[in-house]
Engineer: 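One structure coming up, written as structure tokens, with questions to follow.
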2 protein chains.
Amino acid sequence: MARSGRLSPSGDQRESGRQQILDVIRAAESIARIDIAKATGVSPATVTAITAELLAAGLIEEVAPESSSEARRGRPRVALKIRGGAHLIAGLKVSHHVISTVITDFVGEELASHEMPLAQGRMPVPVLCSQIRRALELTCQKGGFTIDDLSGVGLGLAGMIDAERSFIYWSSSLEERNVPFGEAIARELPCPVFLDNDANLVAKAEHLFGEGRTCDNFIVITIEHGVGMGIVIDGKIYRGTRGCGAEFGHTKVHLEGALCQCGQRGCLEAYVGDYALLREANISSGSERHRTLASLFQAAEKGDSMALSILDRARRMFAMGLANVVNIFDPTKIILAGARLSFDHLYSGKVIGEMRQWVVQVDAPLPEVIVHDWGDLMWAKGAAAYGIEEVTARTVKELANAAA
Amino acid sequence: MARSGRLSPSGDQRESGRQQILDVIRAAESIARIDIAKATGVSPATVTAITAELLAAGLIEEVAPESSSEARRGRPRVALKIRGGAHLIAGLKVSHHVISTVITDFVGEELASHEMPLAQGRMPVPVLCSQIRRALELTCQKGGFTIDDLSGVGLGLAGMIDAERSFIYWSSSLEERNVPFGEAIARELPCPVFLDNDANLVAKAEHLFGEGRTCDNFIVITIEHGVGMGIVIDGKIYRGTRGCGAEFGHTKVHLEGALCQCGQRGCLEAYVGDYALLREANISSGSERHRTLASLFQAAEKGDSMALSILDRARRMFAMGLANVVNIFDPTKIILAGARLSFDHLYSGKVIGEMRQWVVQVDAPLPEVIVHDWGDLMWAKGAAAYGIEEVTARTVKELANAAA
DNA sequence: ATGATTTAATTTGAAACTCAAAAAAAATAT
DNA sequence: ATATTTTTTTTGAGTTTCAAATTAAATCAT
């Protein structure tokens with residue numbers, strides 16, 4: 001019997017109401033009580049009661065009335081917004097050769113950021129922990145805070161991670177496997193750390209701040225070294241039971257296909273990942289060698305048929321993978337998120353067009369495909385978004401306990 | 001802002017509690033109040049209050065105490081169960097050449113069943129509607145009821161169906177496309193009809209009565225003419241936004257692959273569906289012709305290398321598709337449901353073993369793979385399960401309104 | 001047997017919550 | 001100034017839930 005959940009939690013039953021209203025305020029950026037009531041279906045009386053609590057707790061604040069523009073009749077509405085100063089949150093993304101960090105206020109406004117190079121891509125747990133602490137310290141310094149000012153830290157790594165248990169089955173940044181990393185990093189830092197797969201964090205960021213603000217069912221695809229996917233269903237990240245679902249990149253697209261870095265054959269990643277493209281280019285193009293993707297792209301632009309063929313196959317494989325996602329999830333939106341769109345060859349209209357052909361055809365509009373360029377800090381901002389969400393949930397819980 | 005839902009619906013706030021307790025009772029088949037309290041986290045006091053209501057409404061009943069076995073100290077617990085007599089439900093599955101019908105009580109106990117041959121596989125809406133009514137009448141007759149005794153009818157068809165709107169984008173049983181079938185069939189029958197894709201119905205049946213009773217996150221794969229999938233997440237069928245997700249059979253597993261009946265290339269179904277196997281057998285084996293799968297299997301058993309190769313590829317493709325499902329959903333269970341396991345070549349240990357190799361490897365136990373042989377009435381029973389669930393929900397709502 | 005003990009179910013009374021309706025607040029329109 | 005409009009707050013009633021007390025119904029111990 002996996003069913004659970006009490007009708008009303010001990011002490012205080014308002015927790016869900018508080019969370020819901022806080023979510024609405026965050027999604028709207030700024031919204032009057034009357035509109036919260038309309039948006040949630042909660043009565044204005046209750047909205048007043050709950051927002052009064054949130055105000056008292058310092059989580060939200062009233063927005064100074066804009067006397068400007070067309071003034072309406074009647075008592076003017078007072079907009080509410082999240083109080084940026086309520087909490088300081090950090091987001092970190094551990095990549096192969098760098099730790100990117102961003103510090104935001106509770107609204108999500110960026111206050112400081114930093115990139116700290118890493119000497120080695122793969123390291124033991126204690127080393128990574130201290131590197132993370134160091135990255136945090138440097139970023140805090142830049143912004144004029146200390147680590148102790150932080151209310152929470154979101155942390156993203158590439159790999160197979162069970163976020164619920166803060167457990168890392170495997171990560172490309174760690175030498176060890178099966179590490180209860182949450183405990184390790186908790187000892188190093190004075191505030192709670194929220195750990196997740198990097199693609200899930202981007203999905204979180206899209207939901208809180210990005211293209212996913214207006215919908216509760218969407219898929220985020222990310223490309224970095226590998227191919228990642230974040231699944232949002234009913235406003236929640238879907239992680240699978242062991243926490244290792246959404247492995248889009250290791251979805252098999254070819255029987256006995258190309259060798260993937262994961263050791264298996266036929267993974268999507270083995271056709272569209274950067275290392276896969278370069279490998280193929282260097283095997284097949286004979287004389288001419290490509291060290292970087294840029295050089296491969298150049299060759300393709302010059303009309304090099306080998307390069308063209310390699311990129312073309314990658315595109316088609318990617319389109320096929322996307323089509324499968326639509327065929328399985330039928331989401332409202334697919335968001336192709338990129339850090340600097342170095343992969344715009346995959347995020348092109350051509351690919352999306354091809355995907356449309358491969359999707360099961362019904363007489364209803366296809367899911368919207370959106371390309372979202374986040375800029376360099378995408379991953380770190382995603383981690384911060386996760387941190388903000390988790391800190392919000394914790395604060396709401398504390399409020400409930402305090403009330404009891 | 002897709003978020004919504006009032007904190008407490010008008011009139012009566014107990015709806016969710018009633019539904020939850022009813023679900024627990026159904027899942028347990030028979031359970032004492034004290035255990036309901038433990039399972040749900042609701043206090044015993046409230047359980048008493050709610051079950052008293054449900055008893056009064058005739059939805060549940062007390063089980064006569066079993067004086068047998070090891071008697072415990074203390075006041076004996078009185079088990080509660082769903083009252084079978086509360087409602088009569090019918091489930092129908094429209095296949096190519098037959099409509100299978102089953103009538104069950106509110107517990108799900110089969111009371112009557114019937115198979116009605118269809119002259120043609122594909123027909124206009126009004127014809128199908130009257131055939132459905134006829135099938136229902138015949139089955140009712142068999143059981144000694146009339147159609148007016150039914151509280152609800154679950155109806156399963158192969159095709160692309162938006163269950164929420166009771167809208168059929170396309171079905172192999174209908175000549176027309178884009179039909180608001182719910183309205184059409186509602187005019188024909190005196191009770192509500194609940195329409196869905198057949199694979200979703202099987203998933204529903206697994207959840208209410210089958211291997212999915214003990215878990216809330218699982219995937220059901222069905223093979224009939226095509227390949228179907230039902231996704232259960234958090235105890236609910238996941239249908240996608242347009243209602244046409246979970247198209248596992250039309251997932252692409254090969255670039256420029258075999259032609260599928262849907263008109264596209266590379267669909268899984270085009271490698272493992274019965275028509276696909278026969279087509280290939282008859283193209284490639286030259287002289288020897290296979291009219292049925294049985295003949296193809298026989299040939300394989302005799303060592304016919306062509307037949308072996310065809311079946312082998314089907315198995316491997318299917319294993320690859322299953323692996324992709326695990327890689328994406330990481331479910332607790334995968335249930336391979338069959339009507340009579342005519343497809344046991346696909347539901348074999350060999351396939352499951354191969355799947356395991358293709359799944360992303362982590363040091364955690366793989367999802368359980370269960371083969372479930374339902375017998376002939378699988379599809380119809382699935383439809384009945386859906387009917388039962390929907391009628392339950394409606395009755396609970398009516399109770400709430402009555403209380404207000 | 002009979003009372004003690006144990007466990008389940010029910011009753012009771014208090015606390016919390018939500019909402020409709022009324023009241024208050026704060027603006028514009030006339 | 002006064003009326004009107006709209007938002008927000010207050011008030012009071014009605015539900016709902018739960019902890020604690022009570023009742024019910026069995027076994028255990030003597």
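Labels below follow one simple rule: chain letters A, B, ... track the order of the sequence lines, proteins then strands, and each chain is numbered from 1. Keep in mind that this is a model prediction, so the values were computed, not measured.
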Engineer: If I take atom CD in residue B/Gln20 and atom C1' in nucleotide D/dT16, what distance separates them, rounded to the nearest angstrom?
Structural biologist: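 The answer, rounded to whole Å, is 15 Å.
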
Engineer: Looking only at atom types and distance, does a side-chain atom of B/Asp330 sit under 3.5 Å from a main-chain N or O of A/Arg242, one as donor and one as acceptor?
Structural biologist: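 Pair found, side chain donor or acceptor close to backbone of A/Arg242.
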
Engineer: Taking CD from B/Glu15 and C1' from D/dT17, how many angstroms apart are they, rounded to a whole number?
Structural biologist: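 Taking CD of B/Glu15 and C1' of D/dT17, I get 18 Å after rounding.
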
Engineer: Can you list everything that forms a salt bridge (Lys or Arg N to Asp or Glu O under 4.0 Å) with B/Glu368? Sequence neighbours excluded, please.
Structural biologist: none

Engineer: OP1 or OP2 of D/dT9 versus the side-chain N and O atoms of A/Arg33: is any pair under 4.0 Å?
Structural biologist: yes

Engineer: Distance check needed: C/dT18 C1' versus A/Ile36 CD1, whole Å only.
Structural biologist: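 Roughly 16 Å, once rounded to whole Å.
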
Engineer: Nearest to the side chain of B/Pro44 - C/dA27, C/dT10, D/dC18?
Structural biologist: C/dT10

Engineer: Going by ring-ring contact (aromatic ring centres under 6.0 Å, His included), name the residues that satisfy it together with A/Phe209, two or more places apart in sequence or in a different chain.
Structural biologist: none

Engineer: Would you say A/Thr392 and A/Thr395 are linked by a side-chain donor-acceptor pair, where the criterion is simply a distance under 3.5 Å?
Structural biologist: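 Checked: A/Thr395/A/Thr392 side chains show no N/O donor-acceptor pair below 3.5 Å.
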
Engineer: How are the rings of A/His207 and A/Phe218 set relative to one another: parallel (under 30°), tilted (30 to 60°) or perpendicular (over 60°)?
Structural biologist: tilted

Engineer: Counting side-chain heavy atoms from C-beta on, which of D/dT8, D/dA25, D/dC18 comes nearest to A/Ile34?
Structural biologist: D/dT8

Engineer: Hey, does B/Val47 reach any base, or is it just sugar-phosphate, or nothing, if we go heavy atoms under 4.0 Å?
Structural biologist: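 If one applies the 4.0 Å heavy-atom cut-off, B/Val47 turns out to touch nothing in the nucleic acid.
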
Engineer: Of the nucleotides C/dA9, D/dT8, D/dA26, which one has an atom closest to the side chain of B/Val78?
Structural biologist: C/dA9

Engineer: Taking NZ from A/Lys38 and C1' from D/dT8, how many angstroms apart are they, rounded to a whole number?
Structural biologist: 13 Å

Engineer: Which residues satisfy the salt bridge (Lys or Arg N to Asp or Glu O under 4.0 Å) test with A/Arg26, sequence neighbours excluded?
Structural biologist: none

Engineer: So which nucleotide from C/dA20, D/dC18, D/dT8 ends up closest to the side chain of B/Ala45?
Structural biologist: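 Selected nucleotide (nearest to the side chain): D/dC18.
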
Engineer: Counting heavy atoms from C-beta on, name the nucleotide in D/dT16, D/dT9, C/dA27 closest to the side chain of B/Arg14.
Structural biologist: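 Taking heavy atoms from C-beta onward, the closest nucleotide is D/dT16.
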
Engineer: Salt bridge or not between A/Glu53 and A/Arg14? Use side-chain N to carboxylate O under 4.0 Å.
Structural biologist: yes

Engineer: To the nearest Å, give me how far apart CD1 (A/Ile50) and C1' (D/dT9) are.
Structural biologist: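 Spelled out: CD1 on A/Ile50 to C1' on D/dT9 is 15 Å.
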
Engineer: Considering non-hydrogen atoms only, spot the tightest contact between A/Leu55 and A/Glu62 and give its length.
Structural biologist: CD2-N, 4.0 Å

Engineer: Hey, can you tell me if B/Phe194 and B/Tyr386 have their rings parallel, tilted or perpendicular (30° and 60° cut-offs)?
Structural biologist: perpendicular

Engineer: Applying salt bridge (Lys or Arg N to Asp or Glu O under 4.0 Å), name anything that partners A/Glu211, two or more places apart in sequence or on another chain.
Structural biologist: none

Engineer: In whole Å, I'd like the distance from the CD1 atom of B/Ile31 to the C1' atom of C/dA9.
Structural biologist: 15 Å

Engineer: What N/O pairs connect the protein and nucleotides 28-30 of chain C at under 3.5 Å? Give each pair on its own line.
Structural biologist:
| from | atom 1 | to | atom 2 | distance (Å) |
| --- | --- | --- | --- | --- |
| C/dA29 | O4' | A/Arg73 | NH1 | 3.4 |

Engineer: What's the closest nucleotide to the side chain of B/Thr46 if the choices are D/dT7, D/dT17, C/dT11?
Structural biologist: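 Nucleotide nearest to B/Thr46's side chain: D/dT17.
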
Engineer: Given that A/Thr51 and B/Ala49 both sit by DNA chain D, which one's nearest nucleotide is further toward the 5' end?
Structural biologist: A/Thr51

Engineer: Quick check for you: among D/dC18, C/dA9, C/dA26, whose closest atom lies nearest to any side-chain atom of B/Ser43?
Structural biologist: D/dC18

Engineer: Dump the pairs, protein N or O against N or O of nucleotides 12-14 of chain D, anything under 3.5 Å, distances to one decimal.
Structural biologist:
none

Engineer: Can you check the A/Arg77 CZ to D/dT5 P distance for me, whole Å?
Structural biologist: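 Taking CZ of A/Arg77 and P of D/dT5, I get 17 Å after rounding.
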
